[in-house]
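None of the values given here were measured: they were computed from a predicted structure.
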Amino acid sequence: MKFFIDTANLDEIREAAAMGVLDGVTTNPSLMAKVGVSNVTEHYRKICEAVDGDVSAEVISTDVDGMIKEGLELIKIHENITVKIPMIKDGVKAIKALASEGIKINCTLIFNPIQALVAAKAGAKYVSPFIGRLDDIGQDGMELIHDIRLIFDNYGMETQILAASVRHNQHLLSCAKAGADVVTMPFNVIESMIKHPLTDSGLAKFLADHKKSMG
Ligand code: G3P
């Protein structure tokens, strides 16, 4: 299972990468805007230099020619750039065209299993189901992961399930049980992965006991 970080914040990316268990990065236009990126190309280059793994860079065009043009520009930045394309009709056409040239695609804004199936058939390397946003509207985000896993396994599809819109480490645990290939997490969830109060209190007692026995 791969761990990606879902942010455009370079400090967070570098800190997560320093843990040694980070496999890639996902960004989106909202995350880029949040950190106030002015030079997008340079920012993606810095992200790629910070992490040894796929880095999703999202197109902002909504027509097929625009998406293809942007995708071809984005992949010039670094070999790890993965072009992130939304699940719309022109997006599917752009996925087909770019994937046919061997370009890595992450199809984003997936909210039902059929959308994932279409993206996989078009040749996407990753599909990004947004589990938190489904939970937000009273649906079961995890059911989507289970359904996509079942469908991809039925047909031996190699497209990877990249669980996105992850809000807490219970999402991560459920994704691991459901067989998601990748989970992309905000920095606070990355930090929460290693936390347990009994670990902290247990360590404090070990160190206190050691100090006592040493006099
Ligand atoms: O990067 C896409 C996705 O992870 C967004 O998450 O929290 O905005 O629903 P969120």
Side-chain angles (χ1 to χ4, degrees), residues 1-9 11-13 15-16 22-37 47 54-62 67 82-92 94-95 105-120 122 124-153 157 159-196:
M1 184 187 206
K2 291 182 207 154
F3 294 159
F4 284 11
I5 187 167
D6 194 31
T7 185
N9 182 309
D11 291 336
E12 291 180 352
I13 291 168
E15 199 174 329
L22 190 69
D23 302 298
V25 181
T26 51
T27 64
N28 62 42
S30 304
L31 293 171
M32 293 291 273
K34 197 170 163 188
V35 293
V37 177
I47 293 175
D54 283 351
V55 172
S56 289
E58 188 159 341
V59 299
I60 48 164
S61 302
T62 54
M67 283 189 260
T82 299
V83 182
K84 201 172 181 189
I85 295 183
M87 172 37 78
I88 56 176
K89 196 189 280 181
D90 273 34
V92 176
I95 293 169
I105 306 293
N106 173 2
C107 182
T108 190
L109 291 165
I110 298 279
F111 291 95
N112 75 43
I114 303 299
Q115 291 178 315
L117 180 58
V118 172
K125 177 174 179 181
Y126 303 103
V127 288
S128 288
F130 278 31
I131 56 181
R133 291 193 195 183
L134 281 171
D135 291 352
D136 289 347
I137 60 163
Q139 294 188 23
D140 182 358
M142 280 314 304
E143 193 182 342
L144 176 57
I145 304 295
H146 284 284
D147 285 349
I148 299 172
R149 180 76 281 151
L150 178 68
I151 292 167
F152 284 6
D153 288 351
M157 288 174 143
T159 300
Q160 296 179 39
I161 302 171
L162 192 169
S165 186
V166 163
R167 301 282 160 73
H168 42 71
N169 66 8
Q170 284 305 305
H171 272 152
L172 170 61
L173 176 61
S174 300
C175 283
K177 289 179 176 176
D181 300 284
V182 188
V183 172
T184 191
M185 299 166 271
F187 185 66
N188 67 306
V189 178
I190 298 235
E191 282 192 308
S192 77
M193 288 195 302
I194 57 165
K195 286 281 176 201
H196 196 286

Participant: Return the set of residues passing salt bridge (Lys or Arg N to Asp or Glu O under 4.0 Å) with K125 (not counting sequence neighbours), or none when no residue passes.
Facilitator: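 Partners of K125 by the salt bridge (Lys or Arg N to Asp or Glu O under 4.0 Å) criterion, ordered by chain and then number, come out as D54.
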Participant: Tell me, do I161 and F152 make a side-chain contact under 4.5 Å, heavy atoms counted?
Facilitator: yes
Participant: Could you tell me whether the side chain of C107 reaches within less than 4.5 Å of the side chain of I85, counting heavy atoms only?
Facilitator: no
Participant: Looking at V182, V166, V25, V55, which one forms a side chain to side chain contact (heavy atoms under 4.5 Å, CB included) with F4?
Facilitator: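 When side chain to side chain contact (heavy atoms under 4.5 Å, CB included) is applied between F4 and each of V182, V166, V25, V55, only V182 qualifies.
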Participant: Short question: side chain of N112, backbone of Q115 - any donor-acceptor pair under 3.5 Å?
Facilitator: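 Here the side-chain-to-backbone pair exists.
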Participant: How would you list, by chain and number, every residue that makes a salt bridge (Lys or Arg N to Asp or Glu O under 4.0 Å) with D11, sequence neighbours excluded?
Facilitator: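 Applying salt bridge (Lys or Arg N to Asp or Glu O under 4.0 Å) to D11 gives none.
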Participant: Can you list everything that forms a salt bridge (Lys or Arg N to Asp or Glu O under 4.0 Å) with E58? Sequence neighbours excluded, please.
Facilitator: K84
Participant: Just wondering, are more than 12 heavy atoms of other shown residues or ligands nearer than 6.0 Å to CG in L150?
Facilitator: yes
Participant: Taking the side chain as C-beta and beyond, is there a heavy-atom pair between I148 and P129 under 4.5 Å?
Facilitator: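 The answer is yes, as the side chains (C-beta and beyond) meet within the 4.5 Å cut-off.
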Participant: On a heavy-atom basis, which atom in A120 and which in V127 lie closest, and how many Å separate them?
Facilitator: N-CG1, 4.5 Å
Participant: Would a distance-only check, ignoring hydrogens and angles, find a side-chain to backbone donor-acceptor pair under 3.5 Å from D23 to F3?
Facilitator: yes
Participant: Kindly give the heavy-atom pair with the smallest separation between T27 and I47, and that separation in Å.
Facilitator: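 Distance-wise, the nearest heavy atoms are CG2-CD1, 4.1 Å.
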Participant: Who passes side chain to side chain contact (heavy atoms under 4.5 Å, CB included) against V92, sequence neighbours left out?
Facilitator: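 With neighbours one apart ignored, the set is M87, V118, A122.
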Participant: With sequence neighbours excluded, what pairs up with S128 under the side-chain hydrogen bond (donor to acceptor under 3.5 Å, both in side chains) test?
Facilitator: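 Result, side-chain hydrogen bond (donor to acceptor under 3.5 Å, both in side chains) vs S128: N106.
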Participant: Taking C-beta and beyond as the side chain, do D135 and R167 meet within less than 4.5 Å on heavy atoms?
Facilitator: no
Participant: Strictly by salt bridge (Lys or Arg N to Asp or Glu O under 4.0 Å), give each pair with a member in residues 144-153 just once, sequence neighbours left out.
Facilitator: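 For residues 144-153: R149-D153, R149-D181.
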Participant: Of the options I5, L172, L22, T26, which is the one that meets M185 in a side chain to side chain contact (heavy atoms under 4.5 Å, CB included)?
Facilitator: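 The passing option is L172.
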